[in-house]
Amino acid sequence: MNGGKTTYAGGADLIVTLTLNPSLDRTIEIARLTRGSMTRATATRLDPGGKGVNVSRALAAHGVPTLAVVPCGGPEGEQLTELLKLEGIDVGAVPVSGRTRSNVSLVEPDGTVTKVNEPGGSLRQEDLERVDEAVLSAAVDADWVVASGSLPPGVPDTFYGRLGRQLNELGVRFAVDTSGTALAEALEAGPALVKPNRDELAETVGFRIDTVADAIRAAEAMRAAGAEAVLASLGADGAVLVGERGARWGESPVDRGRSAVGAGDAMLAGYLAAGTSGSEPLVEALSWGAAAVRFPGSRMPGPSDVDRARVRVHPTPDLLRPLSGPHHEHGMEQIR
């Protein structure tokens, strides 16, 4: 496939995203992080954040119809909604009793990102009922519903799984990107797609992911647990896609990455967008994810930023290929 813009059909199916724990994401670029010292910023930006929000942002940048369902609370929630609208995204804002959280990312020149994430405001039962109603109402016109991110306080681990079963009854495809018990519960609902990273794969299956073979074996175990397809992001080592067509591994090298924040979300968006353009899903996923790594903060790539020509998909994976870097995605230190 060539680099450049993919044309999406005007009648493309709607993709609804749900972000239960959205955020305002402030990214601060610094020369070097030294604990206990005063550090001056070289650049800063503020983006609407949250994994599902990022998926919608990437889709909207490529002209793919999307609706972002987000619980919004307090002045931060209002600001989040306005930032999304400024990016041309349709927003299903659900007023809730808690406060929308703020996150801070410190980005160093070598691409190292240190994140400080607030836990997010609690959601009450009545909040969850309004969110559920908003998603199911939007799903009537949707091809996919994507549930992404962590669960805020007050939300049971069974929430994504219950939502998945409701969507199955409506005949709407369900994709999920979360972790821990929430992911295990969602698998039981038989999602059409799950998108774990390397650590989430290991956490779910109970063994380390040190080679491409390990990643494929773990993805196959997740399929056995209920997922139809598994798109597993492996940081600098690309991604594996395991589904009805078997297992494939692909790479999209990045010469100089600036921030890995949101790269997995862009990857998921690329995979979903392939269904509206007739493109190869793994190629779209890898090229969109790599494009996001080249940007500061959680900026999402547009059509002119995506270079499909750099993607290499290996129909016969090198199973013994060791995975580089530490056993957490993109070498990112996370402070939760």
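If you read the sequence from its start, that first residue is 1, and numbering goes on from there.
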Without hydrogens or angle criteria, can the side chains of Asn197 and Ser233 be said to hold a donor-acceptor pair below 3.5 Å?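 Looking only at side-chain atoms, Ser233 and Asn197 do not form any donor-acceptor pair under 3.5 Å.
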Taking only residues two or more places apart in sequence or in another chain, which ones pass side chain to side chain contact (heavy atoms under 4.5 Å, CB included) with [X]?
X: Glu87; result: Pro48, Arg57, Ile89
X: Ala61; result: none
X: Thr204; result: Leu183, Leu187, Met222
X: Ala247; result: Ile216, Val242

Does this structure show an ion pair linking [X] with [Y], if we count only N-O contacts that are shorter than 4.0 Å?
X: Arg310; Y: Glu251; value: no
X: Arg130; Y: Asp127; value: yes
X: Glu203; Y: Arg198; value: no

Does [X] have any salt bridge (Lys or Arg N to Asp or Glu O under 4.0 Å) partners at least two apart in sequence or in another chain, and if so, which?
X: Arg32; answer: none
X: Arg26; answer: none
X: Glu76; answer: Arg99

Rounded at 0.5 Å granularity, tell me how far [atom1] in [X] sits from [atom2] in [Y].
X: Arg45; Y: Ile28; atom1: CZ; atom2: CD1; answer: 13.0 Å
X: Leu67; Y: Asp90; atom1: CG; atom2: CG; answer: 6.0 Å
X: Ile209; Y: Leu201; atom1: CD1; atom2: CG; answer: 5.0 Å
X: Asp210; Y: Arg208; atom1: CG; atom2: CZ; answer: 4.5 Å
X: Leu80; Y: Cys72; atom1: CG; atom2: SG; answer: 5.0 Å
X: Arg101; Y: Asn21; atom1: CZ; atom2: CG; answer: 4.0 Å

Please list every donor-acceptor pair under 3.5 Å in which a side-chain atom of residues 156-165 meets a protein atom from a residue at least two apart or in another chain.
unit_1, atom_1, unit_2, atom_2, d
Tyr160, OH, Gly149, O, 3.2

Verify, without hydrogens or angle tests, whether [X] (side chain) and [Y] (backbone) share a donor-acceptor contact under 3.5 angstrom.
X: Ser287; Y: Arg308; answer: no
X: Ser56; Y: Thr66; answer: no
X: Asp47; Y: Gly49; answer: no
X: Glu108; Y: Ala31; answer: no
X: Ser137; Y: Ala134; answer: no
X: Thr44; Y: Thr27; answer: yes

Please give me the minimum heavy-atom distance between [X] and [Y], naming the atom from each residue.
X: Leu59; Y: Ala269; result: CD2-O, 3.5 Å
X: Val194; Y: Ala227; result: CG2-CB, 3.9 Å
X: Pro191; Y: Ala186; result: CD-O, 3.2 Å
X: Pro281; Y: Ala274; result: CA-CB, 3.6 Å
X: Pro153; Y: Pro119; result: CD-O, 3.7 Å
X: Ala93; Y: Thr81; result: CB-OG1, 4.0 Å

Counting C-beta onward and ignoring hydrogens, is there a side-chain heavy-atom pair between [X] and [Y] closer than 4.5 Å?
X: Leu84; Y: Val53; answer: yes
X: Trp144; Y: Leu14; answer: no
X: Val230; Y: Lys195; answer: no
X: Ile15; Y: Val64; answer: yes
X: Leu170; Y: Leu136; answer: yes
X: Asn103; Y: Leu24; answer: no
X: Val104; Y: Lys115; answer: no
X: Ser252; Y: Arg312; answer: no

May I ask you to decide if the ring planes of Trp288 and His62 are parallel, tilted or perpendicular, using 30° and 60° as cut-offs? parallel
For Thr17 and Val69: C-alpha separation, side-chain torsions, deciding distance, then whether side chain to side chain contact (heavy atoms under 4.5 Å, CB included) applies. CA-CA 6 Å; Thr17 65; Val69 176; over 6 Å; no
Evaluate whether atom CG of Leu320 has more than 12 neighbouring non-hydrogen atoms of other residues, nucleotides or ligands under 6.0 angstrom away. no
If you group Ile, Leu, Val, Met, Phe, Trp and Tyr by side-chain heavy-atom gaps below 4.5 Å, do [X] and [Y] land in one group?
X: Val55; Y: Met300; result: no
X: Leu18; Y: Leu83; result: no
X: Leu151; Y: Val135; result: yes
X: Leu231; Y: Leu272; result: yes
X: Leu128; Y: Val176; result: yes

In chain order, what residues pass the side chain to side chain donor-acceptor pair (under 3.5 Å) check against [X], with sequence neighbours excluded?
X: Asp132; result: Gln166
X: Glu126; result: none
X: Thr211; result: Asp214

Inter- and intrachain pairs under salt bridge (charged side-chain N to carboxylate O under 4.0 Å, His left out), touching residues 172-186, at least two apart: Lys51-Asp177, Asp143-Arg173
The test is side chain to side chain contact (heavy atoms under 4.5 Å, CB included); show your working for Val146 and Leu268 and say whether it passes. CA-CA 9 Å; Val146 183; Leu268 175 55; 3.7 Å; yes
Show your working on side chain to side chain contact (heavy atoms under 4.5 Å, CB included) between Val94 and Val70 and close with a plain yes or no. CA-CA 6 Å; Val94 181; Val70 286; over 6 Å; no
Between Arg40 and Glu29, is a salt bridge (Lys or Arg N to Asp or Glu O under 4.0 Å) present by the stated rule, with each step listed? CA-CA 9 Å; Arg40 296 189 183 277; Glu29 295 190 56; over 6 Å; no
